[in-house]
Structures are given as C-alpha cells and as structure tokens.
There are 2 protein chains.
Amino acid sequence: MSGTLYGVGVGPGDPDLITLKAHKVLQAAPVIAYPAPLAGDSLARTIAAPHIPAGRREIVIRMPLDPKRFPDRTAYDDAAGEIATILRRGEDVAVICEGDPFVYGSFMYLFSLLQDEFPVQVVPGISSLTACAAAALTPLAARNEVLSILPAPMAEDDLRRHLQRTEAAAIIKLGRHAPKVYGVLRELDLLDQAKYVAHATMPGEKVQNLRDVDPADVPYFAMILVRKSGIEP
Amino acid sequence: MSGTLYGVGVGPGDPDLITLKAHKVLQAAPVIAYPAPLAGDSLARTIAAPHIPAGRREIVIRMPLDPKRFPDRTAYDDAAGEIATILRRGEDVAVICEGDPFVYGSFMYLFSLLQDEFPVQVVPGISSLTACAAAALTPLAARNEVLSILPAPMAEDDLRRHLQRTEAAAIIKLGRHAPKVYGVLRELDLLDQAKYVAHATMPGEKVQNLRDVDPADVPYFAMILVRKSGIEP
C-alpha cells in the first residue's frame, strides 16, 4: 500500500485562516514538502508554522522565484522523485501551498507528476481572491454577475477585451504589470469601481481605492478588484 | 461603542473545512444569524453546528428559496433591523454563510444595509469553487490562464461568448439551466474538457466526467469545471 499525496492549502497568510482539516492533515503527516526561494524562507512554511509539529521530516523544494523562469521543472522533477520514494514506502506526504492548491497554485506541477501512480487528496484553502475581498470589504461577485480572474501579465488588448465583457474582475499577479492595468482601467473609466489590496491578511496589508495607488510601486502579491455595478454590493 | 458585525464563511459543507478564525469568532459571538428556507433547516447552520456553543441567541432569517424571488428584501430588512438593535447595545453579531460571504453570498444584502452604521469584519471561507476543484482533482486555473466564473442562468449567447474567450471556467448555479449549458459545451467541443461536481464535500458528493451526466437531472448545488488545456494540469 503506497502512501497518499496530500495537497494542502494553508490560506493567504494569517495562520488562523487555515482549515481544521488542513490542521489535522499536518498533525498526522510524517513528511511535509513545500516550495521555497533559492535563499530564504518558504512563504507556505511560514504560514503553516504553528500547525507543523516539531521533528517532522521536511522536503524543501528550492527554486528561483523569477517569474520569467517559473516554474523550474528540474526542481519539481527532483522533488517528485524524492516524494515518490517516500510514498512507495507507504508514508503520506503533505505538500503545503499558500492559498489554495488548485487556484494558480504550485501544487499542480507535483500533482501532474505523481497523480498517475499514487492516491491524491486535495484540501482546499482560502485563496487570496476571497482574502482580498474580505480585507477590502468588497464583494467579488453578486447575484448572476460574471466574475473574471485576469492574470496581469496578459497582453493589454486581451485585458481590455476581458474587462469590457465582464461584470466583475479580480486582476492578479500585478507587480510590474500594474501600470498597464491602471492605464486600461482609466481608459475604460473603471478607476472609481476598483479597489487595491496588497499582502492581504499578512503584516503590511494595504487596502486602498485604486485612484490613490502609485502603479509604479506595486508588489506581486497584490490584486485589483473591480465591480462595474460599484464596489458596494 | 457599538458591536461588530461579522460575516463568517463556514465553507462548502464538511464542518472541518471551516477556518480556525471562523471557529474562534463563533465561540466568542453572543448572537449568531443565518438565512433559512421558509420551512426546514438552514444549510449554513447545519455546516457550522459543531462550532456553535449551546445557549447562543440565534436569529433565523427565513425566506423563500425560489431563485426567481431571491433575495427577499423584506426578510433581510427585518433581520437587519433586529441585528442593528443588538449591535447598538454593544454586542457582536456573527452572520454565517455557506462558502464565502463575498462570493455570490447572501451576506452581501445584510452588509449593504448595515455597513454604514457599524464596524464590519469578514472572515473568508472555502468557497464551493475551490471545494469542487479539490473534489474533482481538477485545477481551476494554472499559470496565466483566464478563469471565468459563469452563472448558468445567463442567456445562451452570452454563455457561448464567455466560453469562447476564456481559458478556464467554472459554471455555477446549474439546476434547471444544465441542459442549456451542456448543449453549448457540446457545440464548442468542450465536453471532454469538462468535469461535473455536485454537493462537494457533503453527503452525496458526486464527481463525474460531464459526458456521463444526464443534464436533465442536475441540482442547483452543482458546478461544471472546464479547462481548455485539459482537465489535467
């Protein structure tokens, strides 16, 4: 009997925004794995720290965080090999991910490499989408509105078209793409319907009307929420 | 000093898919409110039951669940009045919602009626979106894909256009609209990229390839997940 691979969402940052189920899986799993930058701490590990018992075996998947190089297939291939060895011995492995494992999550690469051979269970987590909406006191979507999740790196024309056709949007992965996004929202006269949230539920959380934000100074972990019917419900 | 209005997401069904933060708010709040059908149990109350201490004052917001009449403004107005009286006395009130309060959630109506007068905190919850993706072992979206959340009651033409333009979609609120959705997905040759999930994380959870589903027999609490790049990551 092989072990089970768990993909465990640990939420957006506040350690209390983890589910009871994730907490239980982390208490029980003998091995815990997570991505981390080449130097420094893993965000997922930091979020989950209060829930990881001392003495667990931990697999640190180090990779460059340069978005142009992400994901690093070699790092994931190596980690998948190491995890497969443990699962074949019959031990469970919990891979922790910030937010939710299946919402633009890094778990997907390990999942695709291991799912054919091993049983997999995914524990959903609070994604940054709902965390940002809660922090901004701004609904993501109501009634029968279409909600579009739009990664900011897309081409400006595509972004414009998607924003024209949707009733609500969350624009994610902002960083250096923020000036382009800001320009498109201004052009579509949507600046007053847009809220900006950075580092939701983490130290340094910031909620602003988008009009008050300098688009040249926006981190990657930031999001813009837009509702055409207004940012009130 | 008035009390705080909490909007608390209690997740999709499994009581262990509630966050530690929601659990703590429910332990501390002297008054708990929730919507319920005209007769029978409240889904949110049922999900949260293990986390609600005995002897709490509870406000049951009864309303017809007929989607054509929802939301019942009178029921919400009456409940908002009752909740406001308690908040003015300085007591906190926790309004519990299945899933997340700001993802097509019923909390929005109370929020809009009470937010000007009282402090509000929203505790995000696991939405049915991520719960369905986890149950189906199907990513919602990866890399820089556009993800569209599409309520099934929309017009067939709009549904077709949105599905043509997005890379991934979650089609929600299916029920009697499922045959229309099934037809559009077949026409766009997307049936093989579509998974069906009903009652995720609840008793009676069902995960199927959409091809194997009878669209004439689909409940409201069901969802279709589509990824054009395939339902594998």
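Below, chain A is the first sequence line, B the second, and so on; all start at residue 1. Worth knowing before you read on, the calculation uses all heavy atoms, side chains too, and leaves out hydrogens, waters and symmetry mates.
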- [ ] Heavy-atom distances under 4.5 Å only: say whether B:D100 touches chain A with side chain, backbone, both or neither.
- [x] side chain

- [ ] Could you tell me the separation between the CD1 atom of A:I149 and the CD1 atom of B:I149, rounded to the nearest 0.5 Å?
- [x] 5.5 Å

Open item on the list: Looking at every heavy atom in both B:T130 and A:V103, which two are closest together, and how far apart are they?
Closed with: CG2-CG2, 3.5 Å

TODO: Evaluate the side-chain proximity of A:R165 to B:R165: yes if any heavy-atom separation is below 4.5 Å, no if none is.
DONE: yes

Task: Largest heavy-atom contact set with chain B, pairs under 4.5 Å, which of A:A135, A:G9, A:P151 - done: A:P151

- [ ] With a 4.5 Å cut-off on heavy-atom pairs, point out which of B:E145, B:M154, B:R161 contacts chain A the most.
- [x] B:E145

Open item on the list: Can you give me the closest heavy-atom contact between A:L150 and B:V146, atom names plus distance?
Closed with: CD2-CG1, 3.7 Å

Open item on the list: In the structure I gave you, are the side-chain heavy atoms of A:T19 and B:I18 within less than 4.5 Å of one another anywhere?
Closed with: no

Task: Side chain proximity check, A:K21 to B:D14, heavy atoms < 4.5 angstrom - done: yes

TODO: Please step through side-chain contact (heavy atoms from CB on, under 4.5 Å) for the pair B:H23 and A:D16, ending with a clear verdict.
DONE: CA-CA 9 Å; B:H23 176 81; A:D16 272 359; over 6 Å; no

Task: Distance-minimising heavy-atom pair for B:P124 and A:A134 - done: CD-CB, 3.9 Å

Open item on the list: Give me the atom names and distance for the closest heavy-atom approach of A:K173 to B:R143.
Closed with: NZ-O, 2.6 Å

Task: Shortest non-hydrogen separation from B:L137 to A:V122 and the atoms involved - done: CD2-CG2, 3.7 Å

Open item on the list: I'd like to know which of A:S127, A:P101, A:P15, A:G125 tops the heavy-atom pair count under 4.5 Å against chain B.
Closed with: A:G125

Task: Heavy-atom pairs under 4.5 Å with chain B, option from A:A170, A:A133, A:S148, A:A141 with the top count - done: A:A141

Open item on the list: Report which part of B:D158 has an atom under 4.5 Å of a heavy atom belonging to chain A: side chain, backbone, both, or neither.
Closed with: neither

Open item on the list: As an exercise, state the distance from CG of A:L129 to CZ of B:F102, rounded to the nearest 0.5 Å.
Closed with: 14.0 Å

Open item on the list: Is it true that, when you exclude A:K180 itself, more than 12 heavy atoms of the residues, nucleotides or ligands shown sit nearer than 6.0 Å to its NZ?
Closed with: yes

Open item on the list: So does B:L140 get a backbone contact from the side chain of A:Y104, meaning a donor-acceptor N/O pair under 3.5 Å?
Closed with: no

